[in-house]
Amino acid sequence: MSGEVMVRAEGVHKRFGLNEVLKGINLEVQRGEVMCVIGPSGSGKSTLLRCINHLEQIHAGRLEVDGELVGYEERNGKLYELREREVARRRSAIGMVFQHFNLFPHMTVLGNITEAPCRVRGLSRDQAVDKARQLLAQVGLEGREDTYPRQLSGGQQQRVAIARALAMEPKLMLFDEPTSALDPELVGEVLAVMRDLAKSGMTMFVVTHEMGFAREVGDQLVFMDGGVVVEAGRPRDVIENPQHERTRAFLSKVL
């Protein structure tokens with residue numbers, strides 16, 4: 001691990017109407033680290049994740065990925081929204097895996113994985129197909145190129161979604177509760193792919209309810225509630241010896 005900061009949030013605020021969902025978030029994820037974020041529903045976890053790749057705009061503070069502001073540029077000390085094309089260019093370096101897969105239902109597995117590399121990165125069809133086949137082998141789905149999403153289990157669809165994100169060769173992977181929509185027996189196959197990804201040195205920001213994964217794979221664990229970071233530290237320390245009453249109360253329900 002090089003010690004360089006991949007994600008930096010400084011005083012990040014986000015509101016929807018009068019509802020302030022993020023109330024001054026400060027955190028850093030180093031290059032090659034896995035940060036796991038836990039907390040009750042409505043605590044702001046997924047909103048923070050969506051702000052990192054500018055799917056949601058922030059109202060105050062700064063968010064940087066690999067030293068670059070996401071979605072904004074700074075001129076004379078003020079932040080200005082970038083054009084959508086430039087936002088898309090910066091976002092293309094950030095892979096995102098959603099709770100509900102978000103695969104294109106009318107495209108085969110191969111089509112889902114090759115679409116963005118061809119369209120956004122300008123890869124040739126042959127290059128994109130070769131890369132897609134390698135990624136399908138990596139996520140344990142060799143030979144499924146011509147299958148449609150509806151023919152796959154939820155766990156298989158999520159693994160295709162991970163392969164699709166990796167096809168863009170991102171420097172950061174965001175996971176928004178990637179196993180919460182899966183039947184319990186399918187959770188393990190997705191977590192196994194994520195474990196391998198972490199071992200390969202990928203920087204990962206994971207919103208999750210999987211405490212075993214957080215303890216085993218995470219380098220940092222953040223507990224959020226009410227739009228603030230209540231507690232943060234090494235996963236084992238936070239899980240086994242939480243310092244805050246709110247963290248203790250949450251963990252007593254999920255462990």
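Position 1 is the first residue of the sequence; numbering continues from there.
Because its NZ or CZ atom is not both nearer than 6.0 Å to the ring centre of F250 and within 45° of the ring axis, K253 does not count as a cation-pi partner of that residue.
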task: Kindly determine whether E20 and H59 satisfy side chain to side chain contact (heavy atoms under 4.5 Å, CB included), including the steps that lead there.
output: CA-CA 10 Å; E20 193 172 28; H59 291 103; over 6 Å; no
- request: Show your reasoning for whether side chain to side chain contact (heavy atoms under 4.5 Å, CB included) applies to M194 and I162.
  value: CA-CA 9 Å; M194 292 172 65; I162 293 171; 4.2 Å; yes
message: Please determine whether side chain to side chain contact (heavy atoms under 4.5 Å, CB included) holds for the pair L191 and V187, giving the CA-CA distance in whole Å, both sets of side-chain angles, and the decisive distance to 0.1 Å.
response: CA-CA 6 Å; L191 293 181; V187 168; 3.6 Å; yes
task: Test side chain to side chain contact (heavy atoms under 4.5 Å, CB included) on E231 and R248 and set out the steps.
output: CA-CA 10 Å; E231 189 162 347; R248 285 195 285 274; over 6 Å; no
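Atom CG of residue L103 and atom CD of residue E115 lie 12.5 Å apart, to the nearest 0.5 angstrom. For the atom pair CG of L69 and OH of Y80, the computed distance is 13.5 Å after rounding to the nearest 0.5 Å. One distance of note links CD of E56 with OG of S46; it measures 10.5 Å at 0.5 Å rounding. In this structure, CG on D146 lies 7.0 Å from CG on L110, to the nearest 0.5 angstrom. Between the SG atom in C36 and the CE atom in M204 there is a gap of 7.5 Å [rounded to 0.5 Å]. The line from CG of L123 to NZ of K131 is 9.0 Å long, rounded to the nearest 0.5 Å.
Here the shortest heavy-atom pairing between G71 and V87 reads CA-CG2, 3.9 Å. For the residue pair G140 and E142, the shortest heavy atom distance occurs at C-OE1, 3.5 Å. Closest heavy-atom contact between E81 and H54: OE2-NE2, 2.9 Å. For the pair G218 and P235, the tightest heavy-atom approach, listed with the atom from each and the gap, is O-CG, 3.3 Å. I239 and P242 make their closest contact through O-CD, 3.7 Å (heavy atoms, listed as atom of the first residue, atom of the second, distance). Minimum interatomic distance between A132 and I113 (heavy atoms only, all atoms of both residues): CB-CG2, 3.6 Å.
Between R215 and E240, some side-chain heavy-atom pair lies under the 4.5 Å cut-off. Inter-residue side-chain proximity for F223 and L251 is flagged as unmet; no heavy-atom pair is nearer than 4.5 Å. Two residues are said to be in side-chain contact when any heavy atoms from C-beta on lie closer than 4.5 Å; R246 and P40 meet this criterion. The shortest side-chain heavy-atom distance between F101 and N112 does not fall under the 4.5 Å cut-off. Put simply, the side chain of L27 reaches to within 4.5 Å of the side chain of F205, judged on heavy atoms. Using a 4.5 Å heavy-atom cutoff, the side chains of I58 and L22 are not in contact. Under the 4.5 Å side-chain criterion, counting only non-hydrogen atoms from C-beta, R121 is in contact with E169. For the pair L166/M173, a side-chain contact is recorded, criterion being any heavy-atom separation below 4.5 Å from C-beta on.
A donor-acceptor pair is defined here as one N or O able to donate and one able to accept, closer than 3.5 Å; such a pair exists between the side chain of Q243 and the backbone of N241. Using modelled atom types, no side-chain atom of K45 and backbone atom of M224 make a donor-acceptor pair closer than 3.5 Å. When atom types are taken as modelled, the side chain of R8 and the backbone of R62 share no donor-acceptor pair closer than 3.5 angstrom. At least one donor-acceptor pair closer than 3.5 Å links the side chain of Q156 to the backbone N or O of S153. A donor-acceptor pair under 3.5 Å links the side-chain atoms of Q158 to the main chain of P178, judged by distance alone. A donor-acceptor pair under 3.5 Å is formed between the side chain of D219 and the backbone N or O of V34. Remark: side-chain polar atoms of R159 are paired, donor with acceptor, to backbone N or O of V139 under 3.5 angstrom.
Using a 4.5 Å cut-off between side-chain heavy atoms of Ile, Leu, Val, Met, Phe, Trp and Tyr, with links allowed through other members, M168 and L174 fall into different hydrophobic clusters. One hydrophobic cluster, built from ILVMFWY side chains closer than 4.5 Å, cannot hold both V97 and V65; they sit in different ones. L182 and L141 end up in the same hydrophobic cluster when Ile, Leu, Val, Met, Phe, Trp and Tyr side chains are linked at under 4.5 Å. Two different hydrophobic clusters hold L221 and V7 under the rule that ILVMFWY side chains link at heavy-atom gaps under 4.5 Å. Under the 4.5 Å side-chain heavy-atom criterion for ILVMFWY residues, a single connected hydrophobic cluster contains both V193 and L135.
Annotation: R234, atom CZ; neighbour count of heavy atoms from other residues, nucleotides and ligands within 6.0 Å does not exceed 12.
A salt bridge between R91 and E84 is present, with a side-chain N of the basic residue lying under 4.0 Å from a carboxylate O of the acidic one.
Of the options T203, D66, L55, N53, a side chain to side chain contact (heavy atoms under 4.5 Å, CB included) to I94 is made by N53 and by none of the others. Of the candidates R164, Q157, M96, R164 is the only one forming a side chain to side chain contact (heavy atoms under 4.5 Å, CB included) with N102.
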